[in-house]
Amino acid sequence: VEASIPEPQRKAWLAHQTSGFKDKDGFETEVVRHVETTLARSMYNCDEQAAYSACSLAFRDRLILEWNRTQQRQTFADSKRVYYLSLEFLMGRALDNAMLNIGQKDVAKAGLAELGFRIEDVIEQEHDAALGNGGLGRLAACFLDSLASLNYSAWGYGLRYRYGIFKQEIIDGYQVEVPDYWLDFNPWEFPRHDVTVDIQFYGHVTKRTDDNGKTIATWEGGEIVKAVAYDVPIPGYATPSTNNLRLWSSKAASGEFDFQKFNSGDYENSVADQQRAETISAVLYPNDNLDRGKELRLKQQYFWVAASLYDIVRRFKKSRRAWKEFPDQVAIQLNDTHPTLAVVELQRILVDLEGLDWEEAWNIVTNTFGYTNHTVLPEALEKWSVPLFQHLLPRHLQLIYDINLFFLQSVERKFPKDREMLARVSIIEESQPKMVRMAHLAIVGSHKVNGVAELHSDLIKTTIFKDFVEVFGPDKFTNVTNGITPRRWLHQANPRLSELISSKTGSQNFLKDLTELAKIEHYKDDKAFRKEWAEIKYANKVRLAKHIKKTTGVDVNPSALFDVQVKRIHEYKRQQMNIFGVIHRYLTLKSLSPEERKKFQPRVSIFGGKAAPGYWMAKQIIHLINAVGAVVNNDKDIGDLLKVIFLEDYNVSKAEMIIPASDLSEHISTAGTEASGTSNMKFVLNGGLIIGTCDGANIEITREIGEQNIFLFGNLAEDVEDIRHNHTYGSYTVDPDLVKVFEAIEKGTFGEPNDFMGMISAVRDHGDFYLVSDDFHSYIETQELVDKAYRDQEGWVTKSIESVARMGFFSSDRCINEYAEGIWNIEPLAVKDQ
Ligand code: 9GP
């Protein structure tokens with residue numbers, strides 16, 4: 001890089017490279033400079049918000065230098081890049097992460113202290129970047145961290161929503177949604193007003209035949225919206241590599257309002273185009289594992305995919321390589337089906353705009369894409385109506401029909417006359433109206449398809465994608481079990497535990513190679529180590545107890561067992577079973593004498609999570625949890641024996657506080673429904689035990705940490721279908737303990753019973769699709785085992801240490817290396833001065 005800088009500028013460039021803050025004084029100088037110049041304030045009225053802003057800007061300056069160098073290094077290396085296309089990136093806060101990854105948090109802490117601030121208070125000022133719903137978006141964020149930390153040439157592409165996931169308020173026990181306007185001050189993004197792409201919608205297609213008899217299709221008319229790039233630097237841990245996340249924002253193509261309309265007095269309509277264009281990237285759809293089929297969502301998808309592909313192709317074209325080399329230079333990963341239009345768009349670019357033959361283009365396309373499936377839930381599998389497609393993206397619909405035709409012809413050759421097979425695998429569903437099945441398109445357009453945990457990857461091969469395994473053979477389908485970044489989910493969230501671990505492993509290297517955690521198992525009988533281990537957990541619980549007091553007014557005893565279920569509220573995740581279990585515990589306690597009660601293990605049941613605004617049942621679940629809390633928490637007979645807490649507005653930064661404070665967390669989905677789960681990994685990595693079903697990554701966690709360290713219960717995935725069948729066609733009775741719970745609700749113990757009848761009748765009258773009653777007994781029994789195990793505090797600490805020591809497998813670094821080797825065929829870039 002240095003050699004390429006022209007002589008006159010080199011001296012200044014070299015001086016600039018060393019201009020970062022070397023020590024706390026250097027850091028302070030930068031902070032003060034930003035307060036006084038960039039923020040135009042004086043140090044006299046520098047409050048915590050201003051300190052946060054200045055501190056972020058100081059760190060951003062450092063990041064940017066590395067970011068520029070990384071981009072140059074990657075360009076010079078001219079090797080293959082991976083592009084991760086995700087409609088969601090649930091990043092959380094950036095400052096703490098940047099300080100830790102750069103390795104200068106201590107410097108900042110000391111510098112801020114001298115300026116009169118506690119670093120924790122400054123960090124707290126930052127608004128979460130919440131451009132995602134849950135696990136899928138957070139996984140994408142962990143992947144970005146690993147890609148940078150492992151020095152892969154990688155870009156993330158997403159949408160820059162003006163409003164991320166809504167803020168949740170709980171008012172009178174009900175969820176109320178408040179808009180999340182997070183862009184007031186965001187020092188972590190760089191608008192690239194020079195990087196724009198015109199995106200076309202609507203219009204029509206004309207076809208003509210050229211001199212060689214080839215049909216040329218042209219997409220004309222319609223409307224144009226401008227995509228503007230915003231870049232977010234992604235720092236790697238303990239490496240100078242700083243990758244790029246590019247988020248697209250929509251703007252009216254003209255960029256201005258319509259003067260003609262304005263001058264002729266049509267004031268309202270003069271800004272209409274602008275507003276319509278800006279709507280595209282205005283808001284994140286707040287559904288987790290649910291597809292609603294709305295036109296604006298399809299618009300978002302095409303807008304983002306078309307802009308990203310334009311960018312990727314533009315970069316490739318600079319290298320002046322032949323098109324056939326495209327898959328050697330470019331790997332594109334589809335995070336779920338949301339970016340599947342990219343398959344069609346690349347084919348369109350190659351055939352319509354670059355003039356390649358269909359075959360040659362399709363080869364390039366399929367060798368470029370990989371598709372990750374994250375769910376088997378039918379309601380989450382995307383389908384778009386053909387008439388909607390025809391209207392919005394007429395040329396793409398034609399291409400989809402052609403892709404489908406060639407695909408079905410190949411199926412026909414392999415399975416002659418098997419019409420049912422053709423109907424089942426077709427990209428077009430012959431319904432009324434016809435629908436485009438995005439998962440089918442993603443499979444046909446990719447060279448690899450992966451699930452996100454072993455059980456899930458097996459399930460997709462035997463259920464929803466079974467026919468495709470027959471068509472393409474089993475090798476196209478693979479598994480990459482999810483992982484989490486230990487930088488955020490251990491080092492940042494639980495600094496004391498991270499420090500204790502490094503004192504025993506001899507370095508912080510476990511943060512780069514998580515399998516080194518195994519070393520701490522040697523200390524599991526070391527008294528001092530165990531004592532400190534337990535103290536750290538207790539301190540984290542004290543911190544959470546303070547937060548609970550501050551936000552809910554309820555006193556909880558940090559010595560009680562903290563039992564946590566935090567995740568999106570969904571029937572398949574079964575928060576309803578948890579709260580029914582809590583009611584069962586309450587009824588049991590009430591039936592005992594004061595003496596007998598004393599033998600009970602005190603518990604705090606903690607819930608958190610958002611319900612999609614239109615998901616009535618999920619909202620009812622939130623309401624019941626709050627209603628139970630209102631009764632139980634004020635019952636003098638119960639005292640500290642049971643508390644029920646709903647934590648408002650669960651998000652990434654709250655997770656960083658809640659997870660290290662848990663003794664037990666609940667991952668209790670109906671077997672076969674949770675593709676992987678990733679919070680299960682976060683909880684165990686922080687020394688919490690889990691109660692769970694044989695579902696998703698719970699199974700692999702059990703294999704790694706040992707059956708003695710996890711509380712498994714419930715029916716197995718392989719039996720679920722038969723049980724459901726029996727619910728519908730055979731006889732079925734509700735578990736007697738659950739009946740008592742329902743009776744208590746119906747008696748009005750927790751307020752107006754009608755408010756909760758939906759939850760009860762789903763189990764009692766509507767076939768209990770999620771097997772709440774079938775699993776209830778073993779759930780309750782297993783909770784009793786938990787109580788017993790917790791009373792043996794020494795045994796519990798041993799379980800906790802053993803579990804953490806054996807979590808090495810679940811790093812997102814391992815996961816990214818598997819993608820790199822098995823799907824992307826890409827190697828890390830050598831980086832000097834690492
Ligand atoms: O529901 C899955 C969750 O189990 C998984 O951990 C996560 C990341 O792979 O993806 C979720 N899926 C979706 O949000 C929608 O497909």
Side-chain angles (χ1 to χ4, degrees), residues 84-90 131-144 146 165 284-292 297 301 333-340 370-383 438-439 442 449-460 464-465 478-485 489 565-575 609-612 615 618 652 655 665-684 690 692-701 717 770 810 812 815-816 818-819:
Y84 198 76
L85 265 57
S86 180
L87 207 41
E88 302 189 9
F89 286 96
L90 194 45
L131 307 184
N133 276 288
L136 175 129
R138 184 53 232 177
L139 184 76
C142 283
F143 281 5
L144 291 182
S146 285
I165 187 68
L284 165 80
Y285 274 89
N287 300 318
D288 182 87
N289 268 297
L290 180 75
D291 168 43
R292 285 251 181 229
R297 169 86 166 180
Q301 294 187 349
Q333 192 64 25
L334 306 173
N335 194 27
D336 222 334
T337 53
H338 317 147
T340 304
Y371 156 52
T372 307
N373 171 278
H374 295 267
T375 186
V376 293
L377 299 186
E379 65 270 31
L381 293 177
E382 283 190 299
K383 288 178 195 172
M438 299 309 267
V449 177
N450 74 286
V452 289
E454 272 177 24
L455 173 72
H456 169 66
S457 298
D458 286 344
L459 276 177
I460 59 177
I464 51 173
F465 302 152
T478 184
N479 172 57
V480 185
T481 298
N482 281 343
I484 55 170
T485 168
W489 296 112
Q565 189 177 18
V566 282
K567 47 182 86 221
R568 285 300 289 249
I569 312 291
H570 212 299
E571 285 163 281
Y572 87 81
K573 294 179 190 282
R574 297 202 293 191
Q575 285 92 351
K610 294 175 186 176
Y615 192 171
V652 173
S665 62
E666 309 224 4
H667 308 274
I668 56 176
S669 48
T670 313
T673 60
E674 187 72 275
S676 161
T678 42
S679 74
N680 40 9
M681 303 167 190
K682 294 166 196 166
F683 279 102
V684 181
I690 65 187
T693 43
C694 295
D695 201 18
N698 291 354
I699 296 172
E700 286 150 88
I701 293 177
Y770 297 102
F810 298 99
S812 47
C815 189
I816 284 299
E818 283 182 23
Y819 276 98

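Just follow the structure's listing: the first ligand is 1, and inside any ligand the first atom is 1.
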Taking R568 as the fixed residue, which of N289, D288, N133 is the one that meets the side-chain hydrogen bond (donor to acceptor under 3.5 Å, both in side chains) rule?
N133
Here's a test for you: under side chain to side chain contact (heavy atoms under 4.5 Å, CB included), which of I816, T485, T678 qualifies with C142?
T485
Looking at side-chain heavy atoms only, is the closest gap between S669 and T693 below 4.5 Å?
yes
Minimum heavy-atom distance between A453 and G696, given as atom pair plus value:
CB-C, 4.0 Å
If you define the side chain from C-beta out and look only at heavy atoms, does anything of Q333 sit under 4.5 Å from Y819?
yes
Of K567, E674, K573, which is the lone residue that meets side-chain hydrogen bond (donor to acceptor under 3.5 Å, both in side chains) with H667?
K567
H374 pairs by side-chain hydrogen bond (donor to acceptor under 3.5 Å, both in side chains) with which of N335, N482, T337?
N335
If you compare T375, N289, V480 by their heavy atoms, the one closest to atom 1 (O) of ligand 1 turns out to be N289
Check whether any N or O atom of V452, backbone or side chain, sits under 3.5 Å from an N or O atom of ligand 1, and answer yes or no.
no
To atom 14 (O) of ligand 1, the nearest of L136, N373, D695 on a heavy-atom basis is L136
Among all the protein's non-hydrogen atoms, which is closest to atom 4 (O) of ligand 1, and how far away is it?
E674 OE1, 2.6 Å
Just let me know how T372 lines up against ligand 1, side chain, backbone, both or neither, with a heavy-atom cut-off below 4.0 Å.
neither
Which ligand 1 atoms are under 4.0 Å away from a heavy-atom of Y572?
1 (O)
Using a plain distance cutoff, I'd like to know if H374 has any nitrogen or oxygen under 3.5 Å from a nitrogen or oxygen of ligand 1.
yes
Could you list the atoms of ligand 1 found under 4.0 angstrom from a heavy atom of A675?
4 (O)
So is there a nitrogen or oxygen of G677 less than 3.5 Å from a nitrogen or oxygen in ligand 1?
yes
Report the part of D336 in contact with ligand 1, treating N, CA, C, O as backbone and CB onward as side chain, heavy atoms under 4.0 Å; options are side chain, backbone, both, neither.
side chain
